[in-house]
Amino acid sequence: MGKKGKRRTRKSTRSDVAVAAASQEQSKERTKSSSRKSSFSVAESESESFCIPDPPEPTTTNYIDRPPPSLDGMVSYLSNLDERLNDILTSKRKKASLPTNDQLARLKSKTARRVATALSRFEIARELIGNQFDVTTKLGKLQLFNLSMDDLVNDEAVLEASVHMIAGLADTDLRLCPCVGQAMLEKWPTPMLQCFVPVEYYPLNQGEMQMHQLSNEEFVVLLATTVVVGSTNIFGSYQQSLRLVHELYLQAKNIEWSKFSSNKLLKGLTEETCHNALANAGIRIYRLLYRKKKADRCEGPTDVKFSSKALLKKIEEFARDLMKNSESGESEFVMGWIAEQNGYVFDIHPLSVEADALHWYTKAYTKADKYGNDFISSEARIQAANSIQSCGEGAIVAIPNKVFLRRDFRTQFGGKGKQEEKELSVHSLFYSDQHHLQMAVDREWERLESGIPLIELTTEEDLVICWKKSLTLWNEAMEYYDSMADIGMGYFIYAETAAWENVLPQIKHLIDELKISLEYNFILPVVRIGNTKRDVGVQMCENCNNCDGNKKCSRCRKVVYSSCDCQKAHWAKHKLTCCKK
């Protein structure tokens with residue numbers, strides 16, 4: 001095709017884009033008598049569509065004001081299973097048994113029912129294990145009282161407890177791990193270390209098994225051990241737990257899942273349940289390693305010096321695998337978290353970081369709403385509101401003509417296509433009304449032809465945010481939060497978000513101080529772009545279990561305390577395992 005042919009094609013394409021967009025705009029105007037303009041894609045694309053939230057238009061500027069929950073003593077409070085279940089169900093419930101249908105029916109949400117069932121499973125497991133086993137530590141090595149795999153798989157109490165722990169943790173996305181309690185971790189029966197022979201890392205679902213082929217019962221015992229104590233250093237290092245996770249993935253390919261239903265002890269488990277529990281364990285342990293300093297990630301002789309980049313890739317690997325089987329929105333929420341950390345580790349432009357995060361958090365709460373996961377429905381909305389306030393939606397105003405448009409700042413991680421050709425479909429989406437539509441299309445084509453980088457604004461452009469969307473998302477998030485706070489689980493929502501203290505103060509600033517009106521759809525951002533920080537996790541004091549532990553033991557550098565007094569009070573116990581690093 002000659003140059004003239006190319007030119008005619010380009011002009012035709014630009015015209016087609018404007019006509020298609022104008023037609024869609026007219027259709028929306030006929031069906032919706034609202035002044036708010038809906039966003040739409042201006043051309044077909046092979047890339048995944050930008051997951052843009054379109055919450056209901058707020059009718060008032062009222063916002064739900066919720067202070068963040070206090071974390072002091074929260075772990076001790078949540079780990080009291082008896083108290084938790086009494087509050088959620090009733091003190092007259094039958095202990096160490098699954099809740100009845102009538103008890104579950106009285107709870108307001110699917111999530112509350114799952115939480116009640118999961119906590120009941122933990123209580124049953126605790127009762128089954130009882131005082132039969134007592135795993136203690138000394139000098140960092142386990143005294144296992146010669147517990148063999150045969151001892152455990154032939155013990156019906158251990159198998160039944162394993163089934164309850166796997167099912168309970170899989171059903172609640174591991175958020176209830178603190179509710180298991182330190183007492184359960186210390187008493188959980190762990191087979192002899194001779195069983196844990198994996199020493200090599202392989203990509204997920206690749207490589208060769210490093211252990212003998214496990215029986216169904218052996219698989220369940222090791223899986224339960226991994227999800228219960230794998231996120232501690234009970235195996236000597238976190239990485240040993242991860243090697244076991246990878247090994248169990250390979251072992252799962254040869255497990256006879258069809259026989260679970262006919263086994264009276266294992267029939268409570270399915271392949272999907274075990275897979276989700278295993279994937280969540282992998283995500284949890286890799287995130288623990290990521291939050292550590294690089295020098296602290298190697299604790300055993302066979303440990304690998306993981307970089308932060310490698311750990312994020314591993315977490316993404318597990319999250320995408322979990323996505324295949326889980327509809328709870330958990331995996332998409334993890335992807336949103338990865339998007340934010342990518343900005344810190346891979347030095348991605350802040351606008352792209354927020355656009356990628358917005359895409360995944362929107363997918364997360366959309367799936368969570370359908371599934372009935374109030375944790376994710378609340379957490380993901382808070383994070384999405386933060387991304388909107390940080391210009392992740394890509395809303396831009398072209399100053400001379402007041403043309404509003406949205407530019408797709410996503411990277412490939414956020415679902416953007418791989419195509420290298422200059423296509424308007426992977427470049428912009430428009431808010432513009434019909435009068436300014438052709439002007440906006442022409443402007444974007446000129447930008448593409450000039451080769452200006454997508455994230456670079458011209459002197460005539462400025463970033464704006466649709467502040468009403470963040471207001472709606474916040475109010476919706478607080479409704480889900482309140483439903484969890486009613487059963488004492490609000491802590492998990494606050495602990496999994498990094499934006500609570502960002503979103504609410506900005507909303508208060510706009511409404512209470514600037515007195516902004518609902519007449520304004522777009523405003524200039526009030527926050528510094530690129531305020532995402534590296535996730536270092538919550539440090540728990542070894543003595544008082546408060547969440548403000550920031551003082552490490554100077555000798556081993558492994559445990560943290562809230563104060564010198566806490567360190568002194570805990571020394572009698574810690575000195576048994578403390579060793580100079």
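Predicted model, so just to flag it, every value in this text is computed and none were measured.
D321 pairs by the side-chain hydrogen bond (donor to acceptor under 3.5 Å, both in side chains) definition with Y249, H275, not counting sequence neighbours. The side-chain hydrogen bond (donor to acceptor under 3.5 Å, both in side chains) check on T59 picks up nothing, with sequence neighbours excluded. With sequence neighbours excluded, the residues that form a ring pair (Phe, Tyr, Trp, His ring centres under 6.0 Å) with F522 are F404, Y431. Taking the ring pair (Phe, Tyr, Trp, His ring centres under 6.0 Å) definition, one finds that F122 meets it with nothing, sequence neighbours left out. Every ring pair (Phe, Tyr, Trp, His ring centres under 6.0 Å) that Y481 has, sequence neighbours left out, goes to W500.
Annotation: the span from Y238 atom OH to K292 atom NZ amounts to 5.0 Å, rounded to 0.5 Å. One distance of note links CE of M484 with OG of S378; it measures 9.5 Å at 0.5 Å rounding. Of the inter-residue distances, the one linking T225 atom OG1 with L244 atom CG reads 8.0 Å to the nearest 0.5 angstrom. With rounding to the nearest 0.5 Å, the separation of CG in L463 from CD1 in I396 is 6.0 Å. Taking CZ of R66 as the reference point, atom CG of D482 lies at 4.0 Å (rounded to 0.5 Å). With rounding to the nearest 0.5 angstrom, the CD1 atom of I338 is 5.0 Å from the CZ atom of F413.
Heavy atoms only, all atoms of each residue included: M335 and M323 are closest at CG-CE, 3.8 Å. When all heavy atoms of G414 and H359 are compared, the pair lying nearest together is O-CD2, 3.0 Å. The shortest non-hydrogen separation linking A339 to V353 is O-CG1, 3.5 Å. For the pair A281 and V227, the tightest heavy-atom approach, listed with the atom from each and the gap, is CB-CG1, 4.1 Å.
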Which is it for I511 and L471 under the side-chain contact (heavy atoms from CB on, under 4.5 Å) test, yes or no, and what are the steps along the way? CA-CA 10 Å; I511 296 174; L471 171 62; 4.1 Å; yes
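Look at R243 and D303 and you find a salt bridge, because one of the NZ, NE, NH1 or NH2 atoms lies within 4.0 Å of a carboxylate O, short of that distance. With respect to R320 and E316, a salt bridge is recorded, a charged nitrogen being found less than 4.0 Å from a carboxylate O.
Applying the salt bridge (Lys or Arg N to Asp or Glu O under 4.0 Å) test to pairs two or more places apart or on separate chains, those with a residue in residues 368-384 are R175-E379, D369-R381, R381-E476.
Only one option out of R297, Q341, K293 pairs with S308 in a side chain to side chain donor-acceptor pair (under 3.5 Å); it is R297. Shown are T472, N475, D512; of these, the side chain to side chain donor-acceptor pair (under 3.5 Å) with Y63 is made only by D512.
For the 3.5 Å distance criterion, the side chains of S326 and N276 fail to qualify, holding no donor opposite an acceptor.
Within a 6.0 Å radius of CZ in F346, other residues, nucleotides and ligands contribute more than 12 heavy atoms. Sparse packing is recorded around CG of D347, with 12 or fewer heavy atoms of other residues, nucleotides or ligands lying under 6.0 Å away. The neighbour count for K253 NZ, taken as heavy atoms of other residues, nucleotides or ligands under 6.0 Å away, is above 12.
Formation of a donor-acceptor pair under 3.5 Å by the Y365 side chain with backbone atoms of F333 is not found in this model.
Figure legend: cation-pi geometry between R114 and Y371, with NZ or CZ positioned under 6.0 Å from the six-membered ring centre and within 45° of its axis.
Aromatic rings of F318 and H246 (six-membered ring for Trp) have centroids within the 6.0 Å cut-off, being under it.
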